[in-house]
Amino acid sequence: MSGRRGESPRRGTAPSLFDGAGSAGAPAPARRDAAPGESADTAIGVADLTTLAKEVLEGAFPPLWIRGEVSGFLKHRNGHWYFTLKDASASISCVVWSRDTARIPAAPDDGMQVMAFGQLSVYPARGQMQFMVRAMEAEGEGLWRKALEETRKRLERDGLLDPARKRALPRFPRRVAVITSPDGAALHDIQSVITRRNPTVDIIIVPAAVQGETAPASLVAALNLVARWQAADVVIVGRGGGSREDLWAFNDEGVARAIAACPIPTISAVGHEVDVTIADLVADHRAATPSAAAEAAVPVLDELVAWLGTLGRTMRAGAERRVTLARRDLRRLAGDLSLRARRSVERRRARLQQVAGRVDALSPLNTLARGYAVARGTDGRALGSVEAFAAGQAFALVLRDGQVDATVTRVRPGGPPRAAGAAQ
Amino acid sequence: MSFEQDLERLEQIAAALDRADLTLDESLALFEEGIQRLRAASEALSKAEGRVTTLVEQANGAIEERDAG
């Protein structure tokens with residue numbers, strides 16, 4: 001094996017520069033003038049060299065994970081990230097192309113221990129070896145935590161995590177919107193729990209991608225649709241359990257803001273035990289699983305019916321009590337009234353007796369009793385003056401104990417007769 | 001009037017009647033309203049079965065509910 005070509009179990013296209021006339025594996029025939037780079041006459045350009053090196057390296061190394069400490073991290077204006085990965089004795093330049101940054105939860109910090117997945121290559125412009133990173137994880141899920149923390153801080157700054165923002169769930173929802181994958185286990189769980197608890201509740205499925213790169217936009221669109229529609233009483237947004245990457249859409253800031261902006265009370269239902277997602281923090285209610293979300297959303301029909309019964313009984317009892325009270329008041333009033341009436345009659349009777357006494361005292365009968373007489377004409381009228389008399393007229397004298405019929409012999413006008421003692 | 005509102009009003013009415021600090025006229029008016037709402041709420045709960053639909057946005061932005069399985 002010649003030293004020139006022997007060591008390469010490389011894949012990919014064989015660099016044409018080294019393709020001499022001989023077949024692979026066999027030593028190249030000694031055609032000195034045809035071998036590029038073997039003499040000053042056949043010197044190759046720098047670009048050819050770096051391109052060749054790039055192809056060799058990329059062919060020799062499949063994409064792989066490497067481990068190291070981040071240093072000199074730089075987010076370039078063009079959207080690419082640059083940094084160095086190093087350990088005690090070595091370092092390598094790394095780049096994340098802007099289109100790949102979206103797949104990495106957060107930019108790493110200097111000093112962070114990370115695992116980077118990518119392709120070893122050459123940066124021709126500098127003739128430098130470089131590792132092109134397509135995915136990255138940090139020790140202890142540091143990048144996820146960092147991303148989460150950054151999003152959380154931004155939402156907090158905007159007041160979206162304020163507990164006072166959380167709305168109460170409707171106590172008696174009739175229409176439940178469910179934003180999730182139309183063919184996921186979550187939808188099945190939610191549907192069966194709701195139907196079991198209260199089969200009269202309407203379920204409105206709002207399909208959305210719940211994982212992958214399209215998930216955040218899809219969830220936001222579904223939330224906006226529910227918000228515009230406004231006909232649901234409560235909305236559940238979630239999915240079943242999965243890896244952290246699977247659940248990542250529920251940590252998306254845009255999704256969180258769409259949840260916060262939803263005019264209908266929201267329940268987050270991301271199946272996971274370890275951590276809280278950003279969606280959980282923003283939603284009005286957090287459920288640990290889709291089934292738990294359905295339970296939180298929908299009260300049991302039997303309990304609802306029982307509650308209606310209780311309300312009906314309370315109302316009836318209250319109304320009856322009020323009527324009983326009114327009846328009692330009425331009876332008391334009636335009692336009062338008859339008492340007052342009785343008293344009033346008695347009072348009048350007493351007054352009557354008093355008046356009767358006075359009338360009695362003034363009665364002419366009493367005068368008669370004292371010995372006086374009253375003259376009455378034949379027509380029964382009292383004759384109180386001499387002018388009522390004429391000589392020869394018949395009249396009667398009424399006395400205490402009877403009547404005397406008499407005839408006028410003479411009329412003598414003048415004052416009343418003097419008292420006996422005063423005469424003469 | 002939604003089911004939720006019916007029930008909330010019912011709860012208010014029941015609480016008011018329970019306090020018994022109303023005039024007889026007020027009590028009877030509330031009771032009558034309560035019975036009507038109780039009937040409406042019971043009817044809502046006794047309807048056969050909730051629907052399962054899928055919410056679909058049309059190209060023109062209109063929102064439509066379609067029957068789902």
Side-chain angles (χ1 to χ4, degrees), chain A residues 169-179 182-183 187 191 194-195 198-208 221-222 224-226 228-235 298-299 301-302 304-305 307-327 329-330, chain B:
Chain A
L169 298 182
R171 293 168 57 214
F172 314 107
R174 304 300 297 152
R175 318 205 73 194
V176 180
V178 182
I179 297 176
D183 31 47
L187 178 58
Q191 242 177 299
I194 290 181
T195 309
N198 187 342
T200 70
V201 165
D202 290 334
I203 300 171
I204 299 98
I205 302 164
V206 191
N224 289 342
L225 187 61
V226 169
R228 272 207 293 130
W229 189 48
Q230 289 222 352
D233 298 316
V234 61
V235 53
V298 174
L301 178 61
D302 290 348
L304 214 50
V305 171
W307 179 229
L308 277 182
T310 303
L311 288 178
R313 278 191 299 280
T314 308
M315 277 182 359
R316 252 179 218 105
E320 269 163 23
R321 225 171 22 246
R322 189 60 191 84
V323 170
T324 307
L325 201 67
R327 201 172 278 138
D329 285 351
L330 194 62
Chain B
M1 189 61 70
S2 77
F3 183 79
E4 180 98 4
Q5 287 166 319
D6 267 335
L7 262 171
E8 270 168 14
R9 181 73 183 132
L10 257 178
E11 286 172 339
Q12 281 173 7
I13 290 174
L17 286 173
D18 202 36
R19 278 202 312 275
D21 56 355
L22 304 168
T23 67
L24 184 63
D25 278 350
E26 286 165 345
S27 284
L28 293 180
L30 275 183
F31 181 67
E32 198 170 318
E33 185 192 340
I35 290 298
Q36 275 168 16
R37 287 182 189 271
L38 196 64
R39 197 171 296 137
S42 301
E43 272 167 21
L45 287 185
S46 64
K47 79 173 185 179
E49 210 166 73
R51 290 171 67 219
V52 179
T53 54
T54 300
L55 206 59
V56 180
E57 184 169 17
Q58 314 274 36
N60 64 6
I63 302 173
E64 188 189 83
E65 266 185 276
R66 286 195 195 140
D67 282 332

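Below, chains carry the letters A, B, ... as their sequence lines are ordered, and counting in each starts from 1. Excluded from the calculations below are hydrogen atoms, water molecules and symmetry mates; all remaining heavy atoms, backbone and side chain alike, are included.
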Can you tell if the side chain of Leu24(B) reaches within under 4.5 Å of the side chain of Leu325(A), non-hydrogen atoms only? no

Side chain, backbone, both or neither: which part of Ala317(A) has a non-hydrogen atom closer than 4.5 Å to chain B? neither

Can you tell me how far CZ of Arg66(B) sits from CD1 of Ile205(A), rounded to the nearest 0.5 angstrom? 13.0 Å

Any sub-3.5 Å donor-acceptor pair from Arg174(A)'s side-chain atoms to Ala44(B)'s backbone N or O? yes

Write down the atom of Leu308(A), the atom of Ala41(B), and the distance for their closest heavy-atom approach. CD2-CB, 3.9 Å

Would the number of heavy atoms belonging to other residues, nucleotides or ligands and lying under 6.0 Å from CZ of Arg228(A) be above 12? yes

Among Val305(A), Val206(A), Leu304(A), single out the residue with the greatest number of heavy-atom pairs under 4.5 Å to chain B. Leu304(A)

Stepwise side chain to side chain contact (heavy atoms under 4.5 Å, CB included) test for Ile35(B) and Arg316(A): CA-CA 9 Å; Ile35(B) 290 298; Arg316(A) 252 179 218 105; 3.7 Å; yes

Ile63(B), part contacting chain A, at a heavy-atom distance under 4.5 Å: side chain

How long is the span from the CD atom in Glu320(A) to the CG atom in Leu17(B), to the nearest 0.5 Å? 11.0 Å

From Asp21(B) CG over to Arg322(A) CZ, what is the distance, rounded to the nearest 0.5 angstrom? 9.5 Å

Is there a side-chain contact between Glu11(B) and Arg171(A) (heavy atoms, below 4.5 Å)? yes

The side chain to side chain donor-acceptor pair (under 3.5 Å) partners of Thr53(B) (sequence neighbours excluded) come to Glu65(B)

Does the pair Leu28(B) and Val323(A) meet the rule for a side chain to side chain contact (heavy atoms under 4.5 Å, CB included), with working shown? CA-CA 9 Å; Leu28(B) 293 180; Val323(A) 170; 4.1 Å; yes

State whether the number of non-hydrogen atoms from other residues, nucleotides or ligands found under 6.0 Å of Glu32(B) atom CD is greater than 12. no

Would you say Asp233(A) and Glu4(B) make side-chain contact, with heavy atoms under 4.5 Å? no

Apply side chain to side chain contact (heavy atoms under 4.5 Å, CB included) to Ala231(A) and list each qualifying residue two or more places apart in sequence or on a separate chain. Arg175(A), Trp229(A)

Shorter than 4.5 Å, heavy atoms on both sides: which option in Val226(A), Val201(A), Asp329(A) has the most such pairs with chain B? Val201(A)

Contact check, side chains of Asp18(B) and Arg321(A), non-hydrogen atoms, under 4.5 Å: yes

At a 4.5 Å cut-off on heavy atoms, which part of Leu45(B) comes close to chain A: side chain, backbone, both, or neither? both

Spatial distance of atom CG (Asp6(B)) from atom CG (Leu311(A)) [nearest 0.5 Å]: 11.5 Å

With chain B, the option among Thr314(A), Val176(A), Ile204(A), Ile194(A) that has the most non-hydrogen atom pairs under 4.5 Å is Ile204(A)

Within the distance-only criterion (no hydrogens, no angle test), does the side chain of Asp202(A) pair as donor or acceptor with the backbone N or O of Arg51(B) below 3.5 angstrom? yes

